[in-house]
Amino acid sequence: MNYWLFKTEPDDISLDDIKAAKTKGLRWDGIRNYQARNFLRDQLAIGDGIFIYHSQCKAVGIVGTAEVTRAAYADPAQFDPNSKYFDAKATTDRPRWFCVDIRYTGTLKNLLPLSQLKVDPALSDMVLIKQGRLSIQPVTLMEWRHIQTLAAD
DNA sequence: GCCAACGTTGGC
DNA sequence: GCCAACGTTGGC
């Protein structure tokens, strides 16, 4: 069992949208960054825990949790010429991009703003803090637990 | 909307 | 295979 952080722009997909999808869950598609893709394809497993992080909005930070309900499969959008995620170089034999399905598991009592995460010594090695521009990233068990504790306060 | 960070593309 | 140009992410 591993832990992850997914960034999303709430104007596009918010935690509420994930919640509204209930147990049938949501396809997490449109990942077009190789580093994020490799995590998706090679490491995300059913049952893995996910922090949902809102970016590009007023309240930037971790808002809730979700879990993986289906491991990586070829992202159908790459084959759809009408999709903004279409990739002419991808074929069904050799898909380039992958997606997973996730479902809502909870909303944090308090949104944990990036500003707070940044100054927390226990989180100084977090990928979120050390590297920008990565929409799917690993979270250590220690970080996962620490953030859960912060959220419970 | 600005701009820094950084990944990707493409000419050579 | 180098590296400049370019595009995207994402905080502020």
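A note on names: the letters A, B, ... follow the listed sequences, proteins ahead of strands, and every chain is numbered from 1.
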Interatomic distance, [X] [atom1] vs [N] [atom2] [rounded to whole Å]:
X: A:Gln137; N: C:dG10; atom1: CD; atom2: P; result: 9 Å
X: A:Arg37; N: B:dG7; atom1: CZ; atom2: P; result: 15 Å
X: A:Asn33; N: B:dA5; atom1: CG; atom2: P; result: 18 Å
X: A:Gln56; N: C:dC12; atom1: CD; atom2: C1'; result: 11 Å
X: A:Glu9; N: C:dT8; atom1: CD; atom2: C1'; result: 11 Å
X: A:Arg133; N: B:dA5; atom1: CZ; atom2: P; result: 11 Å
X: A:Gln35; N: B:dC6; atom1: CD; atom2: P; result: 11 Å
X: A:Trp97; N: B:dT8; atom1: CH2; atom2: P; result: 7 Å

Evaluate A:Gln137 against A:Gln131 for side chain to side chain donor-acceptor pair (under 3.5 Å), listing each step before the verdict.
CA-CA 10 Å; A:Gln137 51 181 263; A:Gln131 181 185 348; over 6 Å; no
Report yes if a side-chain nitrogen or oxygen of A:Tyr53 is closer than 4.0 Å to either non-bridging phosphate oxygen (OP1 or OP2) of C:dG11; otherwise report no.
yes
Under 4.0 Å: is that the gap between some side-chain N or O of A:Lys7 and OP1 or OP2 of C:dG10?
yes
Where do A:Tyr85 and A:Asp80 land on the side chain to side chain donor-acceptor pair (under 3.5 Å) test, with the steps shown first?
CA-CA 8 Å; A:Tyr85 296 122; A:Asp80 177 2; over 6 Å; no
With heavy atoms under 4.0 Å as the rule, sort A:Lys58 into base, sugar-phosphate or nothing.
nothing
Sorted by chain and residue number, the ring-ring contact (aromatic ring centres under 6.0 Å, His included) partners of A:Phe39 (sequence neighbours excluded) come out as A:Trp4
Residue closer to the 5' end of DNA chain B, A:Lys89 versus A:Gly132 (nearest nucleotide):
A:Gly132
Is it true that a side-chain atom of A:Tyr73 and a backbone atom of A:Pro76 form a donor plus acceptor pair closer than 3.5 Å?
no
